[in-house]
Amino acid sequence: VQLQASGGGLVQAGGSLTLSCAASERTFRTAVMGWFRQTPGKEREFVSAITLSGPRTYYADSVKGRFTISRDNAKNTVSLQMNSLKPEDTAVYYCSAGWGNHVYAQSTYNYWGQGTLVTVSS
């Protein structure tokens, strides 16, 4: 398994959760790692990404100011701290890794984790 996401669960609106993605050494050294999310009947959408060099971080407008992505190079993990959660954040969250340049595009990412469910109740 190259990417293993964890940390999902049920939380009330306004609460917080931290998602973690454990990667193999080789996968962790890809150019960029990201988080996407998907709800039934909708396209998978970009949430956040972090590059290996820099690192530089990127966020969807819908989560900017509430979510924080970070990476721990010693543990080969990427985390997504989610604060002030809203019911519309409910989704399956996927960790991903890749070598492309367009961090917002799914085509950039070569590896995908299995997904972890986040449910935000109102």
Side-chain angles (χ1 to χ4, degrees):
V1 177
Q2 293 172 311
L3 292 171
Q4 184 74 39
S6 62
L10 174 64
V11 64
Q12 288 188 331
S16 300
L17 277 178
T18 300
L19 304 183
S20 293
C21 179
S24 64
E25 176 71 24
R26 180 175 181 272
T27 304
F28 191 73
R29 296 301 164 189
T30 52
V32 58
M33 293 190 70
W35 289 94
F36 285 74
R37 66 187 182 187
Q38 189 171 24
T39 54
K42 291 189 176 181
E43 294 287 325
R44 191 173 296 186
E45 65 174 3
F46 172 81
V47 176
S48 183
I50 186 166
T51 61
L52 176 62
S53 63
R56 296 185 301 276
T57 58
Y58 302 84
Y59 299 94
D61 288 342
S62 59
V63 306
K64 203 171 292 183
R66 300 188 297 121
F67 291 11
T68 302
I69 192 170
S70 61
R71 60 190 300 154
D72 185 331
N73 293 335
K75 297 181 179 179
N76 291 351
T77 59
V78 172
S79 297
L80 185 68
Q81 173 68 43
M82 306 185 295
N83 298 325
S84 302
L85 283 161
K86 304 175 181 180
E88 51 263 44
D89 294 318
T90 296
V92 176
Y93 285 71
Y94 296 91
C95 176
S96 55
W99 289 275
N101 294 321
H102 305 290
V103 299
Y104 300 99
Q106 293 187 55
S107 58
T108 283
Y109 301 89
N110 305 87
Y111 301 104
W112 293 85
Q114 84 287 4
T116 184
L117 176 63
V118 172
T119 303
V120 184
S121 63
S122 57

For side-chain contact (heavy atoms from CB on, under 4.5 Å), just list the numbers for R71 and L52, CA-CA rounded to whole Å, side-chain angles, deciding distance to a tenth of an Å, and then say yes or no.
CA-CA 9 Å; R71 60 190 300 154; L52 176 62; 3.5 Å; yes
Please test S6 against T116 for side-chain contact (heavy atoms from CB on, under 4.5 Å), starting from the C-alpha separation and ending with a verdict.
CA-CA 6 Å; S6 62; T116 184; 5.6 Å; no
Under the criterion side-chain contact (heavy atoms from CB on, under 4.5 Å), I'd like the reasoning laid out for Y94 against Q106: C-alpha separation, chi angles, the key distance, then a yes or no.
CA-CA 11 Å; Y94 296 91; Q106 293 187 55; over 6 Å; no
Begin from the C-alpha positions of Y111 and S96 and carry the test side-chain contact (heavy atoms from CB on, under 4.5 Å) through to its verdict.
CA-CA 5 Å; Y111 301 104; S96 55; over 6 Å; no
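Across all their heavy atoms, A91 and L117 have their closest contact at O-CD1, 3.6 Å. Taking every heavy atom of both residues into account, S16 and S84 meet most closely at OG-N, 4.4 Å.
Checked by atom type and distance alone, the side chain of Y109 never pairs as donor or acceptor with a backbone atom of G100 at under 3.5 Å.
Among V63, V118, L19, the single residue meeting the side-chain contact (heavy atoms from CB on, under 4.5 Å) criterion with R37 is V63.
Using a 3.5 Å distance cut-off with no hydrogens or angles, the side chains of Q81 and T18 do pair a donor with an acceptor.
Salt bridge D89/K86: absent, no basic N to carboxylate O contact under 4.0 Å.
Ring geometry, Y93 versus F67: the interplanar angle falls from 30° to 60°, so the pair is classed tilted.
The 12-atom threshold is exceeded at CZ of R29, counting heavy atoms of other residues, nucleotides or ligands nearer than 6.0 Å.
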